[in-house]
Structures are given as C-alpha cells and as structure tokens.
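The next block holds one structure in the form of structure tokens; read it before the comments.
In this chain, numbering begins with 1 at the start of the sequence shown. Fair warning: this is a prediction, and the values are worked out from it, not measured in the lab.
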Amino acid sequence: MLLFASTILLSAFLLFLVQPIIAKQILPWFGGSSAVWTTCLVFFQVLLLLGYAYSHLVTNRLAPRQQARLHIALLLASLVFLPIIPSVALKPAVDTDAAFRILLLLTATIGLPYFLLSTTGPLLQKWVAPRFPEKSVYRLFALSNFGSLAGLLAFPFVIEPFATSRTQSLAWSGAYALFALACALSAWRAARGAGAPNIVDTGAPQPAAPTAAPPRRRDYAMWIAFSALGSALLLASTGHITQNIASVPFLWVLPLSLYLLTFVLAFEGRGGRGWYERWMLFVALLFVVGMAAGLSAGRGVLDVGLAVPLYTAGMFVAVFVCNGELALRKPAPRYLTHFYLTISFGGALGGLFVGLVAPRLFPATYELPLALMALAALALAVVWNNRFLVGPALVASLATAWYGAEYFTFLRDDVIYMHRNFYGTLRVREQGAGNQQVRRLLHGVILHGEQLTIAPDRLEPGTYYARSSGAGRAIEAKQSAGPVRLGVVGLGVGTLSAYGRAGDSVRFYELDPDVLALAKEYFSYLGSSPSQLEFVIGDARLSMERELARGAPQRYDVLAIDAFSSDSIPAHLITREAIELYMQHLASDGILAVHVSNRFLDLKPVLANIAQVSGLTLRLVSDNPPASSPASITEWVLIARTPASLDHELLAVAEPIEPNPALSLWTDQFNNLLDVLKSRPIDEFRRLFGMS
C-alpha cells in the first residue's frame, strides 16, 4: 500500500505546485492582470472534473487489465509535453481574446500531464478500496489534499525564492516523469492483484453492504451546491484580493492553500470523522456578514493590512463549512467515484461561473456578494430545524443581503457609464456642478484619472500629473529645449497629452482597449491636444520588446510609467529587466519617470536598488499641493543615465533615494511585494475603530 499512497501524495503535490509555476510564467504576457490567475483556476477545475469523470468511467466500464493498459498508454503519451515551458509562439496578439488564449496556452503546455495527475486520487483509491475499511478510504482523500497543500506552500517559501522560472519548470518535469513511472507501476500492480482473494474486481458489479444505500437525488443536489459555493467563494475572494492588492503568486497561493486545508480538516482527524461540527456555521456566518460589510466600507477601500486577513480568514471558514457539510454527507466507498465526480462537477460550475460567466454577465464584480448571500441562504436551509442556529442564520442571511445591496448601490453611485471586461470593471463617475463638476475614471475602486468638465481650466493637467509633479517637471524641463517625444505607459484619461504642443509627439501604451475608448468619449484631453498622438494597445513591455525586435527604439525624451498607483500592480513592469528595456527606448539624455504613489506599497527602494546595480542616476520628486489645488499628493521617481540629465532648475526639488540592502533585487525571476508593504493589520484595526 506504500506504493499507492506515495503515488497519490506525489501526484497531489505536483498537481497544485504546477499551478503557480505556470501561472507566473504567463502572467506578464497578459499585462499582469489578476484575471490571469482566475482563468487559470477555471482551467484547472475543469480539467479536474474531466479527470474525475475519466476515473469514474474507466473503473465502472473496463476490466482491471484494460484500465491499466489505457492508463499506462496515456502516461507514456503525456511525456511528450515535457518540459512544461510555455512556447513564445503562444504569446497573445493585440486582438486576441485573453481568456481563450490562456486556456489554449495551458492546454498546449500542461494539458495531458495535468489531466492524468487529476485522475490519480480517485483512480487509485478505487483500485485499493476493497483493502481499506470505509473511513480509511477517505483518509486517502485527506492525504491527497495534504499533498496539494504542501505543493502550494512549497512554491512561495521553498521554490520561488531560490529557483528561476526555467529551473522550476525543468525540476517539475523531472518529478512528473518519476510520477508517471510510479503511477504506471501502481496500475500494473492493481491489475495483477485484481484476481487475488483479498482484491475485488472493481470492473464487476459488487453487492452493496446493508448500510451502503445509494445516494439520493437530494444528496447529489447538496454535493453540487456546497462544492460549487466553495469554489465560487475561493475564486471570488481571490479575485477581490488580487484586484485590490497585487497579482503575485503569494496572494494566489494563500487562499487556495486555505481552501485545500479545509478539505484536510473536513475529511481527516478524530478517526477519519473530520473536525467539522454544525455549530461552526455560526462562526462562519459572522465572517460572511463581515466580508459583505467590508465590500463597501470606507467607500470600497480597505487597507491591505485589514482586507487580506478579513477575506482570507472569511473565505477559509466559509469554505470549511461547505466542505464540512460535504464530509458529513459522504457516501460509502462503493460510491466514492460518484461522490468525487459530483463535487468536482460542482467545483467546476462554481469556477466557470466566477471565471468566465460573471465577467460577461455582470457589469461589475457582483459574484462575491452573490456567493456570500447564497451561502447564508443555504446555511439557513440546512439549520432550519435547529432551534439554536436558525435564529442567527436568519439574521446573518438578512444582514448579508442588506450589505450586498449596499455594495450594488455603491458601485452605481453617480455612475454615467459602467463596463466590465477581462481586466476588471471600468466606471465613469460625474460629481459636482458648474465649475466644480468633475468626471472620474475608476478601475474597480482605484482612480485612474479625472477632469473638470465645464471649468475654463478643464484642459489643465491635474491629479497625479500636475505641473508640480515629477512627471510634469520632467516634461517641461525637456520642452524648454524644443519639441519633445513623450512615451506614456498607462493611458488613464489621457491627462499627459495636455502637455503636448504642436511639434511634440505623445505615444501611449495601454493594456485595455476599452480604456482608450472611454478616454476619447468621456474626456477631452486627447481630442484637444495639438500634439501628434499615437496609441499602442497591449501589454507595454511586450509592445516595447516587439519595437526593439523590429529595430525601432522610440528615443523618448521622457518615458512616464504610470502603472503602479493601483493596488494591483503589474510586477513585471518594475523589474531590472523592465528598467533596462525602458532605458533602451530613451534618448541618450532622456528621463524615465515612474509614478510610485501607492497606498499599500513602498516601491521607491525597489527602484533605488535597480538603479544602483544598473549604474543609473535616481531622484525622487514628492508633490504635496494645497487642498484647494486640483493636483494630488504624488511621488515620482526620475531615472536617467547621468546626473547631468536631471540637472535642471525645474528638477531642483528632486531628492536622492538610498538603496535598501535588506531588500532583494527585483528581477523577472525574483520579486516579492510582501517586502514592501506599508501597513500591518493591527495598526489598521486600531485606526478604523479609533483606538490609540
């Protein structure tokens, strides 16, 4: 039995380790969007469903030796996919549907290996079930989830800090080859032992034990409902965190690790009974209400130190309830493939709804409040006959519905346009009247630019781009010598085009084509600029790499990188390799201006370390305008090849930044946003509740 248990453990470890390995490699190809991880999770869940369906069908339709031959043949075929390194030929084109391209890329890179890994748990458990008592079979399910949890946690703490992406892929591929050998040996041993007295032929009909009643329709319905809700809560909570914090593997891995831990706790412990008790519903409902309330608290902006603990802990207890209820309803081992297939079907339904259906069905991110309301309602149905829990469940259900409605209202306050696509929700809000009427573009809850709509100075650059800001000073310093060529990463509402004069040119790089459409339709900066405007749609780094490959460096006088004011930053745009790429597009005395104003992250030492290693000059321009000014408090880091490039009276306010030797150098292979977090949970908790 050691062979079977070891094979299950190794397969589960590799099954979930490959997820962050492959997702991080393709993340920069799609602009660093958090939707990349959500789409990857949908792919993994659907393939998991197909793996469970395969296990169910072959163990019920084929004889043991036929099962072994088929599975060994597929294992041999899967070795063709190794090593699992994404082909650059699959990088997305400008007009490509991002979600479809991600699914295609994953299928071509890890499709068959991942499918076979997903079959291992239920398939081997079915093969060895006759040798185990009922509770022990489901302990193998817990063992499988433990292996998955170990694989996930190994990535951010053991593998990512010490290995490049290529090394990770090669090492995983070698481990997969070892798994294929062990699994083939397991299939051969199971087939040989099928005729032994203590092994039951799983391909033949088996008489049911007196207590092994077949699952009822209600059982199947509850399996689907709880597994779908658990999956939806995982993806919706992860999406909420990564859209408002950062698209980095640790913040992908944390919720998924907790999700797997709930399976271990629900199906293991106390003799295989699991640790879940029905009274835990009360604790979960408290978190559900708190999560719903947090969606619109503080105008939808919670500090990272509070938001991450709230939504990860809340997701954990909520999903633990879902999986705990599944554990209470698990069938006899005879029906274990029915059970696994059904809960994987429910998980895939939840994942497909959040990852693919909701972005196309809803104009904003409604799936998290809807999932919370659905869980509260389902919990109420479960405890309807429990006189101790029905009251709290009813109150929690009503409170969750009320806070959910508050969130829906909050999203529509003063909104004249709202649209959702692969990259998130865009809203145009209009507030005020007369000369104070202002129009704002928001991505989620993050301001991406604003403009006065009626005031005489409506074409004056404001917010992060005022003339007193680092970007404004750098541009005007260069303009004092004649016409300039400006590059801008991140269009926003096109504010920086206000600096363009006749004879100047401004080239914008924008990931989301819908942002360009909104900037042209609802804001007037672009339409009023006398300069020559150019627009490049797609990830800025990929676009710049293609320009260099064509032998067309842009030779910008100023290149402004405005991609980091959001809480979900594209880390691939602020690595050493990225900075080197930008410098190749600058004129010899050009200035790279990087906007680092950020509520949660201190990116200044990241740039200081890169500048030191690359031999570049770096200065910080902090702007703290009066409250009456349309300008915002900003921090811009200016980088140039030599100090002489920053020697201008307009840049006299710039200050040097000291490198931080305690912070690792950020490269494409190594970067860690946790090192640059500004706040901590306890501090934010005290601030919210007015505690000293």
**Prompt:** When you check the side-chain N and O atoms of Q451 and S524, is any donor under 3.5 Å from an acceptor?
**Reply:** yes
- prompt: Taking 4.0 angstrom as the limit, do D539 and R541 come out as a salt bridge?
  reply: no
Contacts of E510 meeting side-chain hydrogen bond (donor to acceptor under 3.5 Å, both in side chains) (sequence neighbours excluded), chain-then-number -> none
S505 meets the side chain to side chain contact (heavy atoms under 4.5 Å, CB included) criterion, sequence neighbours left out, with R485, Q532
Could you list the donor-acceptor pairs under 3.5 angstrom formed by side chains in residues 611-623, with sequence neighbours left out?
unit_1, atom_1, unit_2, atom_2, d
S614, OG, I610, O, 3.0
D623, OD1, S468, OG, 3.3
D623, OD2, S468, OG, 2.7

Nearest heavy-atom approach of L235 to V354 is CB-CG1, 3.6 Å
Taken to the nearest 0.5 Å, the spacing of E534 CD from F508 CZ works out to 10.5 Å
Testing the 3.5 Å rule here: is there a donor-acceptor pair between the side chains of E450 and T463? no
Between H595 and S597, a side-chain donor and acceptor under 3.5 Å
yes
Tightest non-hydrogen contact, residues P86 and Q25, listed as CD-OE1, 3.1 Å
**Q.** Exercise: do S529 and S531 side chains pair donor with acceptor under 3.5 Å
**A.** yes
In this structure, OG1 of T667 is separated from CG of N609 (nearest 0.5 Å) by 12.0 Å
| Is there a donor-acceptor contact under 3.5 Å linking the side chains of S480 and H648? | yes
In terms of the angle between their ring planes, are H448 and H443 parallel, tilted or perpendicular, with boundaries placed at 30° and 60°?
-> parallel
Examine R576 relative to Y582 and say whether NZ or CZ is less than 6.0 Å from the centre of the six-membered ring and inside a 45° cone about the ring axis. no
Hey, does I574 have a side-chain heavy atom less than 4.5 Å from the side chain of L607? yes
- Query: Under 3.5 Å, is there a donor-acceptor pair linking the side chains of D589 and S645?
  - Reply: no
* To do: Verify the distance criterion only: is there a donor paired with an acceptor across the side chains of Q431 and R440 at less than 3.5 Å?
  => yes
One should read off an interatomic distance between W636 CH2 and D562 CG, to the nearest 0.5 angstrom, of 5.0 Å
Count the heavy atoms of every other residue, nucleotide or ligand shown that sit under 6.0 Å from CZ of R501, and state whether that count exceeds 12. yes
Side-chain donor-acceptor pair under 3.5 Å between Y366 and T425, yes or no?
-> no
For residues 512-523, the side-chain hydrogen bond (donor to acceptor under 3.5 Å, both in side chains) pairs (sequence neighbours left out) are H419-D514, N421-D512, N421-D514
Taken in chain and number order and not counting sequence neighbours, the residues that satisfy side chain to side chain contact (heavy atoms under 4.5 Å, CB included) with E658 are none
**Message:** Quick check: do F422 and T39 have side-chain heavy atoms less than 4.5 Å from each other?
**Reply:** yes
Residue set satisfying salt bridge (charged side-chain N to carboxylate O under 4.0 Å, His left out) with E430, at least two apart, ordered chain then number -> R439
What one should report as the nearest heavy-atom pair of G472 and Y499 is CA-OH, 3.3 Å
One should read off an interatomic distance between H572 NE2 and K24 NZ, to the nearest 0.5 angstrom, of 12.5 Å
How about E580: does its CD atom have over 12 heavy atoms from other parts shown lying under 6.0 Å from it? yes
